[in-house]
K.L.:
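Take this structure, written in structure tokens, and hold onto it; I'll ask about it next.
Keep in mind that what you see is a predicted model, and the values were worked out from it rather than measured.
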Amino acid sequence: MMRSMDRRTFLGGLLGVAATASAAQRRPPNILLVFSDDHAFQAISAYGRGLNHTPNIDRIGREGMRFDNCLVTNSICAPSRAVVLTGKYSHLNGLLDNRQTFNGAQQTMPKLLQSAGYQTAIIGKWHLKSDPTGFDHWEVLPGQGNYYNPDFLTPAGKHRREGYVTDLITDLSLDWLRNGRDPAKPFLLMCQHKAPHRNWMPAPEKLELYSDVKLPEPPTLFDDYEHRASPAHQQEMEIGRHMTPMADLKIVPPAGAADSPDYQHYLGEYNRMNPEQKRMWDASYRPRNEAFVKANPQGKDLVRWKYQRFMQDYLRCIASVDDSVGRVLRHLDAADLAGNTIVIYASDQGFYLGEHGWFDKRWMYEESIRTPLLVRWPGVAAPGSVSAKMTANLDFPETFLEAAGVPVPSGMQGRSLVPLLRGQTPADWRKSFYYHYYEKAEHHVARHYGVRTDRYTLIHYYESNEWELFDRQKDAQQMRSVYTDAGYATVVAELKTELARLRKELKVPDKDPDVP
Ligand code: SGN
Ligand code: CA
């Protein structure tokens with residue numbers, strides 16, 4: 001039998017525990033966004049195309065929710081980042097393409113979290129030209145950044161760090177979590193990788209990964225773009241025709257090309273390396289390049305060889321990103337932060353891994369418009385859950401704000417994913433999604449907008465006034481536009497009505513805003 005004093009202590013202890021638990025529940029969650037650049041969902045094992053193994057990224061989905069239909073509003077780097085900051089489409093946040101400068105004076109999600117008491121930090125790829133605003137701490141790559149011994153920008157200026165970019169961004173993020181963080185405040189940390197962006201330069205210790213592996217080719221590697229409108233014929237993003245021998249494929253130097261812009265690009269990256277990094281790099285590529293020159297593949301065999309070289313390098317870069325995620329997750333465990341931290345893994349857009357013969361992104365077609373999204377939120381998102389609902393990068397800010405208990409300002413155009421994370425689907429969840437791409441520079445992809453539903457993709461190339469319609473239920477690879485098929489006339493009419501409705505609702509101007 002418990003003596004009264006013991007009982008009081010015991011009850012007091014219990015009350016204390018209860019008080020601590022409810023205080024913990026009331027404390028807004030930390031938000032850790034790991035955002036990579038050009039990471040195709042096809043190259044994450046949780047999404048299962050069988051290309052590679054990403055155990056650490058997969059862990060986020062296994063312990064949380066995997067989103068299978070996360071889309072981007074404008075499939076290119078800087079515009080996607082501006083959407084994630086503002087919750088607004090490009091025509092309203094002002095950043096339509098990679099060449100413009102982000103107006104950092106506007107309202108952003110980090111600013112709103114910061115004024116609600118969050119400590120905010122961004123480390124790694126930024127790409128918005130103006131200095132970051134709304135962050136208590138920032139250390140970012142200038143422009144696209146470099147893979148080896150990259151420069152970083154801080155409020156104090158530019159400095160160079162020795163090492164491989166993915167490892168450095170991870171080290172800096174962990175250092176901030178250990179030493180920069182104010183434990184009295186919840187945090188927003190945006191850990192943003194350069195990898196696996198072009199020109200796909202692997203870390204020294206990953207150079208031999210996949211060397212003996214023949215990676216599976218996509219069935220559409222030799223697409224001839226028949227049954228598509230003219231833009232698909234005019235693009236410049238084919239593995240066969242548009243990858244560069246040196247910077248992209250690391251065949252150095254092919255006879256007679258040593259003073260080309262491609263070689264200068266290659267050298268610019270290579271010459272950042274220290275002697276040991278160069279030694280490891282050369283030891284890996286030289287013998288493989290000699291074998292290539294000897295085999296001298298031609299025609300389709302040459303495309304196949306390029307596909308293998310590209311994919312090996314791309315997946316090697318991802319292996320480092322996956323290691324990084326592992327280090328960060330282990331730190332959250334060790335620091336007892338995992339329980340109250342939302343961990344999000346996503347990329348700025350999708351990427352072609354040889355589908356349609358392509359690399360890069362930009363299109364409204366699936367591999368480009370879809371981006372990976374995995375979210376772990378202990379106690380909220382059921383472990384191993386999957387959502388097939390149409391979600392978007394546009395939804396990230398509202399999700400973070402709702403999770404933090406911060407009111408969502410009017411003007412944001414996405415939706416909070418918190419109900420989906422809780423396993424509920426609001427009856428009025430979006431059934432159609434508006435897409436708009438503007439940049440017509442590198443890779444020569446025509447401007448287009450369109451509407452995507454669970455089954456159809458309707459695209460308008462408005463400068464040449466051409467349309468495409470894909471029935472993805474019958475044509476998952478999007479090889480045949482059925483826009484002019486009589487059987488789809490009603491579908492076309494309905495989708496055009498929906499497209500007009502979305503353009504009005506989202507305040508899309510009839511004429512594109514001027515891009516300098
Ligand atoms: C670079 C790449 C392009 C890529 C853009 C935009 N060329 O210019 O292939 O499409 O970035 O990418 S490179 O030869 O310089 O690597 S984005 O992800 O930043 O939008
Ligand atoms: Ca990108």
K.L.:
Any heavy-atom pair between the side chains of His159 and Asp151 that's under 4.5 Å?
P.N.:
no

K.L.:
Using salt bridge (Lys or Arg N to Asp or Glu O under 4.0 Å) as the criterion, list what pairs up with Asp333, not counting sequence neighbours.
P.N.:
Arg59

K.L.:
Ser416 and Glu402: side-chain donor and acceptor closer than 3.5 Å?
P.N.:
yes

K.L.:
Could you tell me if the side chain of Met201 sits less than 4.5 Å from the side chain of Tyr148, heavy atoms only?
P.N.:
yes

K.L.:
Holding to salt bridge (Lys or Arg N to Asp or Glu O under 4.0 Å), I want the full list of residues that pass it with Arg452, two or more places apart in sequence or in another chain.
P.N.:
Glu366

K.L.:
Name the one of Thr86, Asp348, Asn393 that satisfies side-chain contact (heavy atoms from CB on, under 4.5 Å) with Arg81?
P.N.:
Asp348

K.L.:
Does the ring center of Phe135 lie less than 6.0 Å from the ring center of His137?
P.N.:
no

K.L.:
May I ask you to check whether Phe351 and Phe41 place their ring centers less than 6.0 Å from one another?
P.N.:
no

K.L.:
Does a donor on one side chain sit under 3.5 Å from an acceptor on the other, for Asp58 and Thr54?
P.N.:
yes

K.L.:
Do Ser324 and Thr170 pair up side chain to side chain, a donor and an acceptor below 3.5 Å, judged on atom types alone?
P.N.:
yes

K.L.:
Decide if the gap between the ring center of Phe470 and the ring center of Tyr365 is smaller than 6.0 angstrom.
P.N.:
yes

K.L.:
Regarding Gln42 and Glu355, is there a side-chain donor-to-acceptor distance under 3.5 Å anywhere?
P.N.:
yes

K.L.:
Out of the candidates Tyr307, Trp358, Tyr314, only one should pair with Tyr352 under the ring-ring contact (aromatic ring centres under 6.0 Å, His included) rule; please name it.
P.N.:
Trp358

K.L.:
Do Asp322 and Asn56 have side-chain atoms, one donor and one acceptor, less than 3.5 Å apart?
P.N.:
yes

K.L.:
Could you tell me if the ring centre of Tyr345 sits under 6.0 Å from that of His193?
P.N.:
no

K.L.:
Measure from the ring center of Tyr435 to the ring center of His448 and say whether it is less than 6.0 Å.
P.N.:
yes

